[in-house]
Amino acid sequence: MIDLRQIRSDYPTVAASLARRGIALDGLERVRELDEAHRAVETERNGIRSEIKELSRTVGGLRRDGRMDEAETVAARSRQLGDAERALDASEDELKAAIRELLLVVPNLPADDAPDGASEADNVVLRHEGWDPDSYVDHQRVPHWDVGEALGILDVERAVKMSGSMFTMFRGAGATLARALCQLALDANADAFEEIRPPSMVLTDTMISTGHLPKFSDDAYHAERDDLWSIPTAEVPLTSLARDEILAEDDLPMRLMAHTACFRREAGSAGRDTRGLLRVHEFDKVEILAYCTPEQAADVHADLLARAERLLAQLGLAYRVLDLCAGDIGQSSRRTFDLEVYSPGVDQWLECSSVSWFGDYQARRAHIRYRRNEGGSPVMVHTLNGSALAVPRVWAAVVETHRQPDGTVAIPEVLHPYMRGATVIGPRR
RNA sequence: GGAGGGAUGGCAGAGUGGACGAUUGCGACGGUCUUGAAAACCGUUGAGGGGCAACCCUCCGGGGGUUCGAAUCCCCCUCCCUCCGCCA
């Protein structure tokens with residue numbers, strides 16, 4: 001959530017900033033009106049409540065003194081006020097709920113230095129790494145689904161049999177490779193991040209905290225009977241880990257990482273990228289996440305990006321870094337860098353990490369604060385996160401990039417310790 | 001899933017209708033004393049909302065109810081503990 005007080009005190013800035021996303025601002029206007037009405041009702045209601053409390057104290061005093069008739073007179077007066085109080089109370093509840101409902105779907109203010117733009121097409125490519133378009137040879141120009149099938153390490157057909165389209169299954173060395181990628185990502189970040197193994201299903205409030213609900217319910221799997229959501233990313237449970245807590249400044253930045261399965265309905269993309277691993281309903285991912293102070297946020301953001309990049313470089317993959325424009329960053333984010341890995345077999349740039357700074361938007365939803373060393377009231381933390389490594393697309397890029405003339409796949413050296421000594425993936429027999 | 005017991009401030013733990021936003025202890029912070037520290041003593045110490053301010057309001061797991069007045073009484077829910085059942 002953005003700060004209601006900022007809407008009150010600095011409406012022009014908020015409106016101008018949100019306008020950069022290219023969204024309609026009538027919801028914001030409405031919030032402003034409701035807020036004004038809400039405060040008026042609240043003030044009036046509080047005055048009546050105060051009076052009732054005063055009268056009740058008087059009743060108590062009179063009764064103790066045995067002045068029962070007088071007590072009853074005062075009680076009767078208080079009874080009358082009670083009716084008025086209940087009416088104002090109901091209206092206050094309604095206004096408060098209406099404001100929250102609207103505020104929950106108002107996106108975050110893009111950072112001033114996020115580039116202008118309306119869509120994906122306006123994202124800024126900051127740089128390419130390990131990228132030489134002329135270096136690829138014919139044996140690398142085979143899509144991973146063909147490579148995977150030939151080597152017996154990817155079995156899409158049987159996954160579809162058991163779970164339907166857009167599910168996948170790794171086999172043999174392919175499954176080991178998928179696991180190796182996760183272990184590498186965890187080990188590479190263990191120097192600074194606490195490893196967490198969170199639940200894969202969460203309550204509605206947990207999904208609201210990150211911004212995945214209420215707006216994007218179509219994108220997530222929901223177990224109706226128990227009202228639980230399958231997590232679309234470890235960001236969801238990791239952000240709620242500190243929900244409703246007050247952290248100490250000395251504990252910040254607090255860095256967490258988790259390897260989880262991620263579940264996405266991909267509701268808007270039926271029929272797109274249906275082959276292979278480009279878009280699947282369930283995939284494994286290692287997420288890295290931090291809570292920090294506003295002052296630390298820029299450094300933490302750069303560090304998360306550097307860590308995600310380092311893994312791709314170590315795997316010998318080409319990638320590019322995108323600075324997402326104001327019109328394309330996610331609802332909760334203020335600034336996002338995307339990492340896209342180049343997959344030569346399908347000749348596509350595949351998004352494999354979004355490294356985002358959320359400011360205090362998620363912290364306000366999740367109520368995560370910290371106390372400054374110099375004391376004073378608790379203030380909202382900043383949250384940031386990104387994928388260290390998302391398995392399917394990186395798996396695809398590895399298999400295509402490192403395919404050798406004889407059709408086998410050379411395993412990148414950093415993965416050797418996790419591959420039971422194997423250095424090459426040959427046909428399964 | 002069934003039966004019983006619980007949920008109070010950073011923690012421990014009082015409080016069964018009115019002077020309780022809450023006794024007390026521990027912890028933390030400030031001070032006195034001390035060369036310094038400890039001990040002792042004195043004081044401060046929850047969160048949120050509204051208001052320029054004085055100040056007002058809310059919060060005792062969550063929601064509803066009774067009452068002039070609820071931490072306290074009633075109803076529902078959630079979570080924790082004990083026992084039984086089931087189970088990797």
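Remember, it's a predicted structure, so these values are computed and weren't measured experimentally. Basis for what follows: all heavy atoms, side chains included, without hydrogens, waters or symmetry-related copies.
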Q: Calculate the interatomic distance between A:Ile368 atom CD1 and B:rG48 atom P; express it in whole Å.
A: 15 Å
Q: Specify the separation, in whole Å, of atom CD of A:Glu92 and atom P of B:rG49.
A: 14 Å
Q) Between B:rG9 atom P and A:Glu245 atom CD, what is the distance in whole Å? A) 14 Å
Q.
From the set B:rG50, B:rG48, B:rC57, return the single nucleotide nearest to any side-chain atom of A:Pro378.
A. B:rG48
Q.
Nearest to the A:Ser56 side chain among B:rG69, B:rG50, B:rC57, which nucleotide is it?
A. B:rG69
Q.
Quick test of your reading of the model: are A:Glu287 and A:Lys285 salt-bridged, counting only N-O distances below 4.0 Å?
A. yes
**Q.** Strand partner of B:rG43, provided both Watson-Crick or wobble distances fall under 3.5 Å
**A.** B:rC29
(Q) Taking only side-chain N and O atoms of A:Arg49, does any of them lie within less than 4.0 angstrom of OP1 or OP2 on B:rU58? (A) yes
Q: In whole angstrom, give me the gap between the P atoms of B:rA39 and B:rG31.
A: 16 Å
Q: Answer with base, sugar-phosphate or nothing: what part of the nucleic acid does A:Arg63 contact at a heavy-atom distance below 4.0 Å?
A: base
**Q.** Nearest-angstrom distance from the residue atom CG of A:Leu81 to C1' of B:rC57
**A.** 15 Å
Q) How close or far is atom P of B:rG48 from atom CD1 of A:Ile99, stated in whole angstroms? A) 19 Å
Q. What's the CG-C1' distance between A:Asp205 and B:rC77, to the nearest Å?
A. 15 Å
Q) On a whole-Å scale, what distance lies between the C1' atoms belonging to B:rA12 and B:rG27? A) 10 Å
Q | Residues A:Arg265 and A:Asp219 bridged, charged N to O under 4.0 Å | A | no
Q) Within the pair A:Arg369 and B:rG48, is there a side-chain N or O less than 4.0 Å away from OP1 or OP2? A) yes
Q. Between A:Gln6 and A:Ser9, is any side-chain donor less than 3.5 angstrom from a side-chain acceptor?
A. no
Q. If pairing requires Watson-Crick or G-U wobble contacts with both distances under 3.5 Å, which nucleotide is the partner of B:rG36?
A. none
(Q) Regarding A:Val74, tell me which of base, sugar-phosphate or nothing describes its non-hydrogen contacts under 4.0 Å with the strands shown. (A) nothing
**Q.** Strand partner of B:rC86, provided both Watson-Crick or wobble distances fall under 3.5 Å
**A.** none
Q. Starting at the 5' end of RNA chain B and moving along, which residue's nearest nucleotide shows up first, A:Ile246 or A:Gly61?
A. A:Gly61
Q: Rounded to whole angstrom, note down the P distance from B:rC26 over to B:rG4.
A: 40 Å
Q | Nucleotide forming a Watson-Crick or wobble pair with B:rG18, both distances under 3.5 Å | A | B:rC68
Q. For atom C1', what is the distance between B:rG13 and B:rG17, given to the nearest Å?
A. 22 Å
Q | N/O (side chain, A:Arg39) to phosphate O (OP1/OP2, B:rG50) under 4.0 Å | A | no
Q: Can you tell me the distance, in whole Å, between the CZ atom of A:Arg5 and the P atom of B:rG51?
A: 10 Å
Q. Can you check the A:Leu88 CG to B:rC56 C1' distance for me, whole Å?
A. 15 Å
Q. Should A:Lys96 be listed as having a side-chain N or O under 4.0 Å from OP1 or OP2 of B:rG48?
A. no
Q: Hunt down the Watson-Crick or G-U wobble partner of B:rA53, both distances under 3.5 Å, from any strand shown, or write none.
A: none
Q. Is there a Watson-Crick or G-U wobble partner for B:rU24 with both distances under 3.5 Å, and if so, which one is it?
A. B:rA12
Q. Between A:Ser78 and A:Asp93, who's closer to the 5' end of RNA chain B by nearest nucleotide?
A. A:Asp93
**Q.** Span that lies between the P atom of B:rG6 and that of B:rG61, in whole angstrom
**A.** 14 Å
(Q) Please tell me if A:Ser50 has a side-chain N or O lying less than 4.0 Å from either OP1 or OP2 of B:rC57. (A) yes
Q | A:Glu295 bridged to A:Arg372 by N-O distance under 4.0 Å | A | yes
Q) Is a side-chain donor-acceptor pair under 3.5 Å present for A:Thr260 with A:Arg197? A) no
Q) What is the pairing partner of B:rG4, taking Watson-Crick or G-U wobble pairs with both distances under 3.5 Å in any strand? A) B:rC81
Q.
Suppose you measure atom C1' in B:rU67 against the same atom in B:rG18; what distance do you get, rounded to whole Å?
A. 12 Å
(Q) Roughly how many Å apart are B:rG21 and B:rG15, using the C1' atom of each and rounding to a whole number? (A) 13 Å
Q) Taking the side chain of A:Ile52 as heavy atoms from C-beta outward, which of B:rC68, B:rG50, B:rC56 is closest to it? A) B:rC68
Q.
Angle between ring planes, A:Phe167 versus A:His281, binned at 30° and 60°: parallel, tilted or perpendicular?
A. tilted
Q. Counting just side-chain N and O atoms, does A:Arg371 come under 4.0 Å of either OP1 or OP2 of B:rG10?
A. no
Q.
salt bridge (charged side-chain N to carboxylate O under 4.0 Å, His left out) for A:Asp251 and A:Arg371? Distances and angles first, verdict last.
A. CA-CA 10 Å; A:Asp251 293 336; A:Arg371 203 181 297 278; over 6 Å; no
Q: Please determine, for the side chain of A:Thr43, which listed nucleotide (B:rC68, B:rG50, B:rU58) has the closest atom?
A: B:rG50
Q. Can A:Arg334 be said to sit on top of A:Tyr361's aromatic six-ring, NZ or CZ under 6.0 Å from centre and within 45° of the ring axis?
A. no
(Q) With rounding to the closest Å, how many angstrom separate the P atoms on B:rA22 and B:rC60? (A) 14 Å
